[in-house]
Amino acid sequence: MPAAADLLVDLMWWLDTCDAEQVDPFVAVKLQEATGAWLDELAVGQRQRLVEVLGKLAASEEHNGRRYEIRLFGFALGLIDEEIEEEAPVVREWIDPVNRIR
């Protein structure tokens, strides 16, 4: 589960910050909406488990931008109702895992 959640966060982060040269904006939005709809159909226990996994991933993430994205994910996709209190990074852009300086 942690690996799947990790990949899902990265995909949504990338889709949310990519430009029209990287992917058609219509396609990006449709993928995000479909992901949100899929998560909405999860059983309550599965949703709770995903929120727990995201919490653990965020707690162990050393990269500030990625930690923000993990914490934002649950709220942005309707898994949690409370908005995060952490400020967004000045520049919110996806960073390839090999380039994440800790």
Side-chain angles (χ1 to χ4, degrees):
M1 177 79 147
D6 218 23
L7 290 171
L8 192 55
V9 168
D10 268 352
L11 175 61
M12 292 298 104
W13 180 15
W14 179 76
L15 286 171
D16 202 32
T17 59
C18 65
D19 60 34
E21 292 178 13
Q22 294 170 305
V23 67
D24 181 329
F26 178 79
V27 172
V29 169
K30 286 297 181 187
L31 284 169
Q32 290 173 311
E33 288 175 348
T35 301
W38 173 71
L39 290 173
D40 196 44
E41 293 177 6
L42 292 177
V44 173
Q46 291 172 315
R47 290 169 61 99
Q48 289 174 337
R49 173 75 176 121
L50 180 54
V51 169
E52 289 172 15
V53 168
L54 290 169
K56 289 178 183 177
L57 287 172
S60 66
E61 180 59 54
E62 295 178 11
H63 186 272
N64 292 335
R66 185 147 194 285
R67 184 175 45 255
Y68 173 82
E69 296 300 328
I70 294 169
R71 291 176 41 100
L72 177 66
F73 182 86
F75 175 74
L77 290 173
L79 296 171
I80 58 174
D81 293 329
E82 292 182 30
E83 200 167 351
I84 63 171
E85 295 178 13
E86 189 174 333
E87 282 192 41
V90 175
V91 177
R92 189 170 166 246
E93 63 182 330
W94 184 79
I95 300 166
D96 190 299
V98 298
N99 296 325
R100 293 179 189 153
I101 299 171
R102 302 201 184 264

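Here, residue 1 is the first one in the sequence, and each next residue gets the next number.
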Q: Compare every heavy atom of D6 with every heavy atom of L57, then report the nearest pair and how far apart it is.
A: CD1-N, 4.0 Å
Q.
Do L15 and L79 land in one hydrophobic cluster if side-chain heavy atoms of ILVMFWY residues count as linked below 4.5 Å?
A. yes
(Q) With a 4.5 Å cut-off on side-chain heavy atoms, are V44 and Q48 touching? (A) yes
Q) Does the side chain of W14 reach to within under 4.5 Å of the side chain of V23, using non-hydrogen atoms? A) yes
Q: Considering non-hydrogen atoms only, spot the tightest contact between L54 and A5 and give its length.
A: CD2-CB, 4.3 Å
Q. Transitively linked via ILVMFWY side-chain contacts under 4.5 Å: L39 with F75?
A. yes
Q: Can you see which heavy atom on N64 is nearest to which on E86, and at what distance?
A: O-OE2, 4.3 Å
**Q.** Hydrophobic cluster identity match, M12 and L42, side-chain contacts under 4.5 Å
**A.** yes
Q) Can you list the residues that meet the side-chain contact (heavy atoms from CB on, under 4.5 Å) rule with A76, with sequence neighbours excluded? A) L72
Q: Find out if a path of hydrophobic residues (ILVMFWY) with successive side-chain heavy-atom gaps under 4.5 Å connects L11 to Y68.
A: no
Q. Nearest heavy-atom pair of Q46 and M1: which atoms, and what distance?
A. O-CE, 4.3 Å
Q. Below 4.5 Å, heavy atoms only, C-beta onward: do W13 and R66 meet side chain to side chain?
A. yes
Q. Is there a side-chain contact between D10 and L7 (heavy atoms, below 4.5 Å)?
A. no
**Q.** salt bridge (charged side-chain N to carboxylate O under 4.0 Å, His left out) contacts touching residues 41-50 (sequence neighbours left out)
**A.** D40-R47
Q. Out of curiosity, I70 CD1 to S60 OG, how far, rounded to the nearest 0.5 Å?
A. 7.0 Å
(Q) For a 4.5 angstrom cut-off between non-hydrogen side-chain atoms, does F73 reach L8? (A) yes
Q. Are V53 and L77 connected in the hydrophobic side-chain network, where two residues link if heavy atoms are under 4.5 Å apart?
A. yes
Q.
Using the side-chain contact (heavy atoms from CB on, under 4.5 Å) definition, which of the options R71, E69, H63 pairs with R67?
A. R71
Q | Any donor-acceptor pair under 3.5 Å from D19 side chain to Q22 backbone | A | yes
